[in-house]
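Below, each value reflects all heavy atoms present in this structure, side chains not excepted, and no hydrogens, waters or symmetry copies. One is the number of the first residue; the rest follow in order along the sequence.
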Amino acid sequence: MAEAIALVGLIAAIPPLFKYGLATVHGASGISTSLRSTSDLLQEWNERLESYQHLIEQLEPHLGFSTVPARSILRCRQQVAVVEALVRSLDIRTGNGVPRFWNRVLVVRKKKKIVHDLSSIREQIDVLKTYPILHLLRIGVVRAPNLDLSPTSEFPELDPLMNRVVTDEIDLEQLSPQDLESALRRMDSELPANMDNMDSVHTVRSCTPCIISFIRTLTKSYSEKQISGRILGIVLSMTSRFTLFLAEIGAVCEAKEIAERILSWAVDMASSNLSLVSLLQGRLAIAERYAGDVQTAERLESEVLWARIGLHGESHIETIHSLNNSALALQASGRFDEALDSHRKALTVKEKLLGAYDLDTLLTVHNLGLCLQSLGQHDGAKSCFLRALIGRQCLLDPDHPAILRTMDCLAVSLYYQEQFDQAGLLQHYCVSRRSEILGKTHPDTLRSTENLALVLLYQHKPLESEAMLRKVASDFEDLLGPANPETLNALHNLARVLSEQFRYGEAEIIVRKCLRISESSHGESHPSTLDLLRGLAINLHCQEKYIDALYFAIRVRDAYTDHSRYTGSEKEACIRHVEQLREYLQRTN
């Protein structure tokens, strides 16, 4: 009789397993995967609940100024208690610490509800987080000294709402227009003038949670028609600076979210603030370029350029700034010849309007050097970097980030010209100063470290180079994500170092993994994808896998041939590689 009851219970449990289990896992073994991961799920839910309790306790002392957040925090505590009781009832284990079979079945059935409830709690905490911000801004204090307002700083796994709008529980109408303008001006004053030292980087990082939460709340609670043009101007100006700063420190997702949110919110009043709207759109394009979405960046920069031509004319300095940024977007997408023409045009106008040694002119000289370097014209690139370096050293502090950026690029030019000792000295200096000024995990510091690792390889220090590149790739992945071109490039350079040590098998595994990520994230014609395809063809050639090498070499050649944007030495090299492989196969057959 007992066996029959158990059998009936098992049959009754099968439909819910298919309903909840297979819908929430990937792959063919849905039920078995769900059951095997039950312990991990229970552990994750308990950790998240514990983290939510900690966040609530941290926020509660700062929410005593109003009854509204007091009621909200009570509801939040009640919901945590309900979910906690449910998880506790499911977490019943056998003597060896494994959850009982029937409890595992119930976990699979209840998974969807628990995940939904946990997300709801996270939403409520995100809403609660904005109350002290508004209150502190209202009374003239920007940040509470011991209040961690960022859901990602201590609990990185609790970040499901980074790109979602907070719910409608916040009433911003309690702030008068004067209070709102004062709060915005106060937040704007907290942002540094530029990102030229470690203090500036730390300031932006510490302000980020406050500003993001406030902008989310502002765009959710107000339509742009409810605020004055002056307040809208402050919002657009502050968001433009904030977006650029976030992109420069590697927080590209946050930069894109804020810029897109404000542009969408202010769309109906864009006509009265076209100059500021185009500025913010240009900053969004920079964030997209840093994130690796070169097509979107190119489109946005083109729109900004034409908007500024319409507003100011072709020779206005703002239009020339847009032309320079548009050239950088073209360069990032591999259209180097077009980028070169734009850089030269921008340089000619800037020299006429600003002078040969104005900082803006020197910036364009630096960018022109980058384009020449990409085209393999290293003598011309070296001349540009030397001019920019000397000019900047006359106008800026010795360790200004702009000087270090040009010095780093000059070192790369020396590396391409096989002047490894000079390149190594410059790269060592750049890494040392950038680490001290900007921090060891700042994107600029990581780029310098990556370049230094390549120099070390040709100074016969392959193991040191390998260790350095593994660390750089890991830091880029943590900072920008696994699909960002910076991460993929660092891993590709690691594969090159392994190949130089004749470790072709290890290098092939890395390149194939990066290629899959790049193709799925950026497409087959993205510069990062083509670079990886070419690297894989060379790797297979070195392993004498000529047929496979020919397949990938043909893919690269066809991509370069089919897209008119790719020109010059790179295309010619790909064509020659295909011919070499075909000739070898013909001889061997």
Review point. So, S302 side chain and E298 main chain: donor-acceptor pair closer than 3.5 Å or not?
Key: no

Practice item. Would you mind checking if K345 and D341 are paired as a salt bridge, meaning a charged N to carboxylate O distance below 4.0 Å? Key: no

Practice item. Not counting sequence neighbours, list each pair that qualifies as a ring pair (Phe, Tyr, Trp, His ring centres under 6.0 Å) and has a residue in residues 529-549. Key: H541-Y546, H541-H577, Y546-Y584

Practice item. Nearest 0.5 Å please: distance from the OG atom of S278 over to the CD atom of E318. Key: 8.0 Å

Check your understanding: What residues form a side chain to side chain contact (heavy atoms under 4.5 Å, CB included) with T296, not counting sequence neighbours?
Key -> E288, D293, R299, L300

Exercise for review: Show your reasoning for whether side chain to side chain contact (heavy atoms under 4.5 Å, CB included) applies to Q419 and K382.
Suggested key: CA-CA 12 Å; Q419 300 177 36; K382 180 180 175 181; 3.9 Å; yes

**Study point:** Under 3.5 Å side-chain donor-acceptor pair for Q295 and H526
**Key:** no

Point to revise | Presence of salt bridge, E500 and R496, under 4.0 angstrom | key: no

**Study point:** From K256 atom NZ to Y290 atom OH, the distance as rounded to the nearest 0.5 Å
**Key:** 14.5 Å

Point to revise | With sequence neighbours excluded, residues passing side chain to side chain donor-acceptor pair (under 3.5 Å) with Y429 | key: D399

Exercise for review: For the pair E519 and R555, find out whether any cationic side-chain nitrogen is under 4.0 Å from an anionic carboxylate oxygen.
Suggested key: yes

Practice item. Check E477 against T487 and note the closest heavy-atom contact, atom names and distance. Key: N-OG1, 3.6 Å

Practice item. Using a strict 4.0 Å threshold on nitrogen-to-oxygen distance, state whether E579 and R582 make a salt bridge. Key: no

Point to revise | Pairs meeting criterion side chain to side chain donor-acceptor pair (under 3.5 Å) with involvement of residues 450-460, two or more places apart | key: D408-N451, E450-N489, E450-N493

Check your understanding: What's the verdict on side chain to side chain contact (heavy atoms under 4.5 Å, CB included) for H343 and L328, showing C-alpha distance, side-chain angles and the deciding distance?
Key -> CA-CA 8 Å; H343 282 310; L328 290 172; 4.0 Å; yes

Practice item. Give, for atom CG of L533 and atom SG of C514, the distance between the pair rounded to the nearest 0.5 Å. Key: 12.0 Å

Review point. Between E301 and S322, do the side chains contain an N or O donor and an N or O acceptor separated by less than 3.5 Å?
Key: no

Exercise for review: Kindly write out the residues that satisfy ring-ring contact (aromatic ring centres under 6.0 Å, His included) with H428, not counting sequence neighbours, or none if the list is empty.
Suggested key: none

Check your understanding: Any idea how H312 and H316 line up, ring-wise: parallel (<30°), tilted (30 to 60°), or perpendicular (>60°)?
Key -> parallel

Check your understanding: Are R387 and E351 within salt-bridge range, i.e. N to O under 4.0 Å?
Key -> yes

Check your understanding: Going by atom types only, do Q377 and Q373 share a side-chain donor-acceptor pair under 3.5 Å?
Key -> no

Exercise for review: Report the C-alpha distance between H522 and L488 in whole Å, list the side-chain angles of each, state the deciding distance to 0.1 Å, and finish with yes or no for side chain to side chain contact (heavy atoms under 4.5 Å, CB included).
Suggested key: CA-CA 11 Å; H522 307 300; L488 298 174; 4.3 Å; yes

Review point. So which heavy atom on L479 is nearest to which on P443, and how close?
Key: CD2-CG, 3.6 Å

Practice item. Just do the side-chain hydrogen bond (donor to acceptor under 3.5 Å, both in side chains) check on D379 and Q417 with the steps written out, would you? Key: CA-CA 8 Å; D379 287 332; Q417 294 177 320; 2.5 Å; yes

Review point. Heavy-atom count around E314 CD within 6.0 Å, excluding the residue itself: above 12?
Key: no

Practice item. Taking all heavy atoms of A537 and all of F552, pick out the closest pair and write down the distance. Key: CB-CB, 4.0 Å

**Study point:** Stepwise side chain to side chain contact (heavy atoms under 4.5 Å, CB included) test for L404 and D444
**Key:** CA-CA 9 Å; L404 296 174; D444 285 349; over 6 Å; no

Practice item. Specify the closest pair of heavy atoms between F336 and Q331, including all atoms of both residues, with the distance to one decimal. Key: CE2-O, 3.2 Å

Practice item. Starting at CG of L540, measure out to SG of C542 and round the result to the nearest 0.5 Å. Key: 9.0 Å

Check your understanding: Rounded to the nearest 0.5 Å, what separation is found between the CG atom of L410 and the CZ atom of R405?
Key -> 15.0 Å

Exercise for review: Mind checking the CG-OG spacing from L244 to S240? Nearest 0.5 Å is all I need.
Suggested key: 9.0 Å

Would you list the atom pairs, donor with acceptor, under 3.5 Å between side chains in residues 359-372 and any protein atom, with sequence neighbours excluded?
unit_1, atom_1, unit_2, atom_2, d
T361, OG1, G355, O, 2.8
T364, OG1, N324, OD1, 3.3
T364, OG1, K350, NZ, 2.9
T364, OG1, D360, O, 3.4
H366, ND1, T406, OG1, 3.0
N367, ND2, L363, O, 3.4

Point to revise | Heavy-atom pair with the smallest gap, counting every atom of F476 and A490 | key: CD1-CB, 4.2 Å

